[in-house]
> 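Below: one structure in structure tokens.
This is a predicted model, so every value here is computed, not measured.
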Amino acid sequence: MSRTPVQEPEIITEATVKTPPGNAYVRAILFPFFVAFHLLRSQRETDLVTTDRSGDAILPVAVFHRLGFAPWVIFCADSPDGRENKRARVNLKLGISLLHTRLMQRIAWYGYRHADRVILSDESSAIAESRKTVIKGGVDCETVEHVTETIDRAESDTVRVLYVGNMYYHRAIDVLFDALESCESDVELVLVGPSPEGGGPSNMQEFVEHVAPSLEARIESLPVNCEYRGKLPHEAALAEMVDADIGMCLLPYKRGMPHFLDSYPIKIFEYMATETAVVATRTPATSELLDDPQLVSENDSEAVADTIDSLADDEELREQCRTRNREVVESHCWNTLWSQIDDAIASEVENDEPTVVVTGSRSR
């Protein structure tokens, strides 16, 4: 069940998706009742209830769970401790929408504390160890292997630096450009991802105020060769990683993005799986994945330039980082992680007494 229409083909072609009627506001009100109706209607058909982190999905399931229905598992893609992106909330005034959001967050926390199992992306001390399964992010190693087999790394005297992501100020694209101006090594830059215009007027305004009049103008001003590839299909972006020597992942958490401190960016896993050395901001999360030569303590262009130069100038060090990254990422392949998730869910179903069971709830 989903509060909003589901677009993903892999879901709508393999599952029956039920969505409540009405516009977004009506669906937000109706969804808990919609879920409760389907839980009652399907109570003898399935063995497991699953929800995401949204309070409007958790509310009706929590009620039924107290009545001894089927095991309940919550999938929480972000940190349940609420370290969220607050940039868009700076100018919010007290209103019904904000009150609803806060109420749903409180309800969600009730769910985290009472569900049989929470599958989440970081270590939350408020959830008992016995009831949580931590999946810190991963990579589709099979797809990476397929792409790698079809591409030969290009041999070049110039070190290829790759950035995959949004070309936005709050993604520190200005720091990357400034660092490339300070680099002393023979490097070239490849950019893959949406332009500032693609992020809407606010992102474009930020870019103009803090970076340059346009992405094209800033690229033209760089002292190194730079190719902007735009948005690419996933496998094409992976192919760029295979062909790169250094992958960039700057996390400017002080620019209204505090959740970056706890994020495990997918592209870091993908850089590692494609045997690419990485330059990333040092955070508690990235420090678990990368070693010191690949981490920069601050989002300072000079510090970033020094780290790029140290990897670009030392081929042996770069090779060591590449080899280490590929070994470390093995435990983060999705085939391995799915087995952990399957085992966690299976244990809840097996441990449940055979009483009344209900169907799953899925909210997006």
> When you look at D291 and Q320, which way does the side-chain hydrogen bond (donor to acceptor under 3.5 Å, both in side chains) test go after all the steps?
CA-CA 11 Å; D291 54 358; Q320 289 175 358; over 6 Å; no
> First locate atom CD of E319, then atom CG of L311, and finally report the distance between them rounded to the nearest 0.5 Å.
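It comes to 12.0 Å.
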> Is it the case that atom CD in E181 sees more than 12 heavy atoms from other parts of the structure closer than 6.0 Å?
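Counting neighbours around CD of E181, more than 12 heavy atoms of other residues, nucleotides or ligands fall under 6.0 Å, so yes.
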> Which heavy atom of A212 sits nearest a heavy atom of R218, and at what distance?
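It is CB-CB, 3.7 Å.
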> Give a yes or no on this: more than 12 heavy atoms of other residues, nucleotides or ligands lie within 6.0 Å of atom CZ of F33.
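12 or below, so no.
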> Tell me, yes or no, whether the heavy-atom count around Q340 atom CD, taken from other residues, nucleotides or ligands under 6.0 Å, exceeds 12.
yes
> For F31 and L59, what are the C-alpha separation, side-chain angles and deciding distance, and is it a side chain to side chain contact (heavy atoms under 4.5 Å, CB included)?
CA-CA 10 Å; F31 189 69; L59 175 61; over 6 Å; no
> Are side-chain N/O atoms of T281 and T283 paired as donor and acceptor at under 3.5 Å?
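No, because no side-chain N or O of T281 sits under 3.5 Å from a partner of the opposite role on T283.
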> Taking it one step at a time, do V224 and T158 satisfy side chain to side chain contact (heavy atoms under 4.5 Å, CB included)?
CA-CA 10 Å; V224 301; T158 302; over 6 Å; no
> Quick one: closest heavy-atom pair of G55 and I107, and the distance?
O-CG2, 3.5 Å
> Using the six-membered ring wherever Trp is involved, compare the ring planes of Y168 and H170 and label them parallel, tilted or perpendicular (cut-offs 30° and 60°).
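Aromatic pair Y168/H170 classed tilted.
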> Please give me the minimum heavy-atom distance between F64 and L40, naming the atom from each residue.
CE2-CD2, 3.4 Å
> Run the numbers on L189 and F177 for side chain to side chain contact (heavy atoms under 4.5 Å, CB included), then give the verdict.
CA-CA 9 Å; L189 177 64; F177 287 144; 4.1 Å; yes
> Could you tell me whether the side chain of Y271 and the main chain of I246 form a donor-acceptor pair under 3.5 Å?
no
> What is the minimum heavy-atom distance between C76 and Y112, and which atoms define it?
SG-OH, 3.7 Å
> Would you say the side chains of Y264 and E288 form a donor-acceptor pair under 3.5 Å?
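Checked: Y264/E288 side chains pair up, N/O donor to acceptor below 3.5 Å.
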> Can you tell if the side chain of Q205 reaches within under 4.5 Å of the side chain of Y169, non-hydrogen atoms only?
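They are not in side-chain contact.
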> Is L103 atom CG crowded by more than 12 heavy atoms from other residues, nucleotides or ligands, each under 6.0 Å away?
yes
> As an exercise, state the distance from CG of D140 to CG of N335, rounded to the nearest 0.5 Å.
7.5 Å
> Would you give the length of the straight line joining atom CG of D116 to atom NE2 of H65, rounded to the nearest 0.5 angstrom?
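That separation rounds to 3.5 Å.
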> Restricting to non-hydrogen atoms, name the atom on N299 and the atom on P252 that form the minimum distance, rounded to 0.1 Å.
ND2-CA, 3.2 Å
> Taking the basic N atoms (NZ, or NE/NH1/NH2) and the acidic carboxylate oxygens, is any pair closer than 4.0 Å for R322 and D245?
no
> Please report the C-alpha distance between I308 and S185 in whole Å, then the side-chain angles of each, then the deciding distance to 0.1 Å, and finally whether the side chain to side chain contact (heavy atoms under 4.5 Å, CB included) criterion is met.
CA-CA 8 Å; I308 292 174; S185 305; 5.9 Å; no
> Starting at CD1 of I135, measure out to CD1 of I341 and round the result to the nearest 0.5 Å.
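CD1 of I341 is found 4.5 Å from CD1 of I135.
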> Output the distance between atom CD (E348) and atom CD1 (I345), rounded to the nearest 0.5 Å.
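These two atoms lie 9.0 Å from each other.
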> Quick one: pull up CD1 in I268 and SG in C249 and give me the separation to the nearest 0.5 Å.
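So the CD1 of I268 and the SG of C249 are separated by 4.0 Å.
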> Grab the two heavy atoms, one from A312 and one from V187, that are nearest each other, plus how far apart they are.
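Looking at all heavy atoms of both residues, the shortest contact is CB-CG1, 4.0 Å.
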> Just wondering, do T276 and E270 contact through their side chains at under 4.5 Å, heavy atoms?
no
